[in-house]
Amino acid sequence: HTSQDFLKALKQLPPPEQKVALKVLCASTALDGKLCRREKRLVSDAYSAVGIPAPIDALDELAKALCNGDGIKQELLTPLA
């Protein structure tokens with residue numbers, strides 16, 4: 001499957017499930033504590049696909065927290081969808 005397949009499937013989900021999928025995408029891209037351009041582009045494309053502005057700054061904060069060993073806290077996830 002490609003990222004285009006993911007984006008197509010994302011558009012077909014009901015809005016509450018889109019938000020869950022976006023949070024999972026953000027958490028998974030931030031897990032290693034750094035975000036490459038390709039990951040940021042996928043996140044940006046995913047948010048655009050469902051008409052929500054991409055919270056790249058919040059995603060960067062989540063990646064930093066994970067890199068620092070702070071874990072995934074709810075207050076870091078809230079702005080992501």
Side-chain angles (χ1 to χ4, degrees):
H1 297 282
T2 67
S3 55
Q4 291 303 317
D5 293 333
F6 169 73
L7 296 174
K8 184 178 176 181
L10 181 65
K11 289 179 191 179
Q12 296 173 354
L13 293 173
E17 292 178 22
Q18 289 174 343
K19 289 183 178 189
V20 170
L22 291 170
K23 283 185 181 185
V24 170
L25 174 64
C26 287
S28 66
T29 58
L31 275 177
D32 65 358
K34 52 189 169 185
L35 300 166
C36 67
R37 271 182 273 145
R38 190 175 181 184
E39 290 170 326
K40 285 184 180 183
R41 187 172 353 123
L42 175 59
V43 169
S44 193
D45 290 348
Y47 276 84
S48 292
V50 298
I52 301 172
I56 298 299
D57 291 341
L59 183 57
D60 284 332
E61 287 299 316
L62 176 61
K64 284 180 196 172
L66 291 170
C67 187
N68 293 334
D70 297 336
I72 299 176
K73 297 178 181 173
Q74 184 61 40
E75 62 266 16
L76 294 174
L77 291 177
T78 300
L80 299 178

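One is the number of the first residue; the rest follow in order along the sequence.
When every heavy atom of Leu10 is checked against every heavy atom of Ala46, the shortest pair comes out as CD2-O, 3.5 Å. Nearest heavy atom pair, residue Ala58 against residue Pro79, reads CB-CB, 3.9 Å.
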Side-chain polar contacts of residues 22-33 - donor-acceptor pairs under 3.5 angstrom, sequence neighbours left out - could you list them?
{"unit_1": "Ser28", "atom_1": "OG", "unit_2": "Val24", "atom_2": "O", "d": "3.1"}
{"unit_1": "Ser28", "atom_1": "OG", "unit_2": "Leu25", "atom_2": "O", "d": "2.9"}
{"unit_1": "Thr29", "atom_1": "OG1", "unit_2": "Leu25", "atom_2": "O", "d": "3.2"}
{"unit_1": "Thr29", "atom_1": "OG1", "unit_2": "Cys26", "atom_2": "O", "d": "3.0"}
{"unit_1": "Asp32", "atom_1": "OD1", "unit_2": "Lys34", "atom_2": "N", "d": "3.1"}

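Between the side chain of Gln12 and the main chain of Ala9, no donor-acceptor pair closer than 3.5 Å is present.
For the pair Pro16/Lys19, no side-chain contact is recorded, criterion being any heavy-atom separation below 4.5 Å from C-beta on.
Rounding to the nearest 0.5 Å gives a distance of 15.0 Å between CZ of Arg37 and CG of Leu42. Of the inter-residue distances, the one linking Lys64 atom NZ with Leu59 atom CG reads 11.0 Å to the nearest 0.5 angstrom.
Of the options Asp57, Asp70, Leu76, Leu35, a side-chain contact (heavy atoms from CB on, under 4.5 Å) to Leu62 is made by Leu76 and by none of the others.
Side-chain heavy atoms closer than 4.5 Å link hydrophobic residues (I, L, V, M, F, W, Y) into clusters, and following such links, possibly through other members, connects Leu13 to Ile52.
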